[in-house]
Every structure is written in C-alpha cells, then in structure tokens.
Amino acid sequence: MSTRVETLWHLRRIMAEHGLFKTTELIPLLEQYGVHLSREQVFRLVTQKPERANLSVIAAVCAALGCTPSDLIEVRIVEEKAVAVEQTRTSLGTLRPVPARIHRPPQTPPER
C-alpha cells in the first residue's frame, strides 16, 4: 500500500460565491493588496491548480475574497492499495488476427 498527497484548488468556487465569474475581475482586487499579475497569470491562477504559489499571492487572494488558505487549498491523503494482476494462461487461439488476402481484380482483355 502506498500513500500520496493530493491537493485541490478551490479559487474558482470561492470567486463564484462572491459573484465573480470572470478571471479578469480578480486583477483589481489583487492590486489593492500590492499584487500585480498579468491577465494570463490570473487566468492560470484561477483555472489551473498551481504547482507552486507565492505566499504574497495567496495572502492577497485570501484578503480580497475574505477566505483563509485552508478554504482555498484542500489537502487529501490518498492511500492506494496494490492490486495483483492475475495472469491468465490461455492459448492465443481466437486472439490471433485473421491474415489478409489480397486478390487482384480480374483482368479484362483490352478493347480493340
């Protein structure tokens, strides 16, 4: 059995709860807290789970939307059970492909 950590990013849901449905609506809110991001950066921040995040960006998002980092980021521990794959020993029998047969079209004598 192996264990891994999974994170969920809830920024889009939190924005929707505040009536913000366009990613560009977040830009002026972040600028109030000294975070200046391009339109593309904000789009990626909202639509994709960030692999790395600057703490000042997370703090500005939380301050602008009135949430906490734990509202924004959910951490789950996932335990994966190892599944043994049973090998079946059967003959290939019906699993073999049927050989293709190529037939030439009948040749007609040339017209005179």
Side-chain angles (χ1 to χ4, degrees):
M1 185 180 328
S2 66
T3 304
R4 66 180 172 85
V5 176
E6 176 181 274
T7 57
L8 301 173
W9 184 243
H10 297 296
L11 179 55
R12 180 167 281 221
R13 179 182 51 80
I14 293 171
M15 285 178 60
E17 290 171 357
H18 286 83
L20 303 172
F21 298 100
K22 296 180 182 176
T23 59
T24 54
E25 294 173 323
L26 190 58
I27 295 172
L29 298 176
L30 294 176
E31 288 178 348
Q32 290 177 354
Y33 295 96
V35 174
H36 304 282
L37 298 175
S38 70
R39 191 180 82 239
E40 292 81 12
Q41 289 172 316
V42 172
F43 178 81
R44 284 193 305 270
L45 182 68
V46 173
T47 60
Q48 300 171 10
K49 178 178 71 172
E51 293 299 319
R52 287 172 261 140
N54 187 321
L55 285 178
S56 61
V57 172
I58 292 176
V61 167
C62 291
L65 298 176
C67 64
T68 64
S70 62
D71 296 331
L72 199 57
I73 304 164
E74 181 181 344
V75 178
R76 290 183 181 171
I77 298 174
V78 180
E79 292 183 11
E80 297 174 341
K81 295 180 181 179
V83 178
V85 178
E86 182 181 318
Q87 291 183 342
T88 58
R89 295 182 183 231
T90 60
S91 65
L92 292 178
T94 59
L95 297 177
R96 291 185 187 257
V98 177
R101 293 185 184 234
I102 301 173
H103 300 280
R104 290 188 178 182
Q107 293 188 353
T108 56
E111 294 183 23
R112 291 188 187 192

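One is the number of the first residue; the rest follow in order along the sequence. Side-chain atoms are counted along with the backbone in the values below, which use heavy atoms only and exclude waters and symmetry mates.
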[X] and [Y]: which non-hydrogen atoms are nearest, and at how many Å?
X     : Y     : result
Pro69 : Cys62 : N-SG, 3.5 Å
Val61 : Cys67 : O-SG, 4.4 Å
Trp9  : Leu45 : NE1-O, 2.7 Å

Using the side chain to side chain donor-acceptor pair (under 3.5 Å) rule, collect all pairs that involve residues 56-77, keeping only residues at least two apart or in two chains.
His10-Glu74, Asn54-Ser56, Thr68-Ser70, Thr68-Asp71, Glu74-Arg76
State which residues pass side-chain contact (heavy atoms from CB on, under 4.5 Å) with Val5; sequence neighbours excluded, sorted by chain then number.
Val75
Under the criterion side-chain contact (heavy atoms from CB on, under 4.5 Å), I'd like the reasoning laid out for Val35 against Leu37: C-alpha separation, chi angles, the key distance, then a yes or no.
CA-CA 6 Å; Val35 174; Leu37 298 175; 3.8 Å; yes
Applying salt bridge (charged side-chain N to carboxylate O under 4.0 Å, His left out) to Arg4 and not counting sequence neighbours gives Glu6, Glu80
Identify all side-chain donor-acceptor contacts of residues 17-29 below 3.5 Å with residues at least two apart in sequence or on another chain.
residue, atom, partner, partner atom, Å
Glu17, OE2, Arg13, NH1, 2.8
His18, ND1, Ile14, O, 2.9
His18, NE2, Leu65, O, 2.7
Glu25, OE1, Phe21, N, 2.9
Glu25, OE1, Lys22, N, 3.1

Residues clustering with Leu8 (ILVMFWY side chains joined when closer than 4.5 Å, directly or via others)
none
Please answer: with hydrophobic residues joined when any side-chain heavy atoms are less than 4.5 Å apart, are Phe43 and Leu11 in the same cluster?
no
Residues which pass side-chain hydrogen bond (donor to acceptor under 3.5 Å, both in side chains) with Gln41, listed by chain and number, not counting sequence neighbours
Ser38
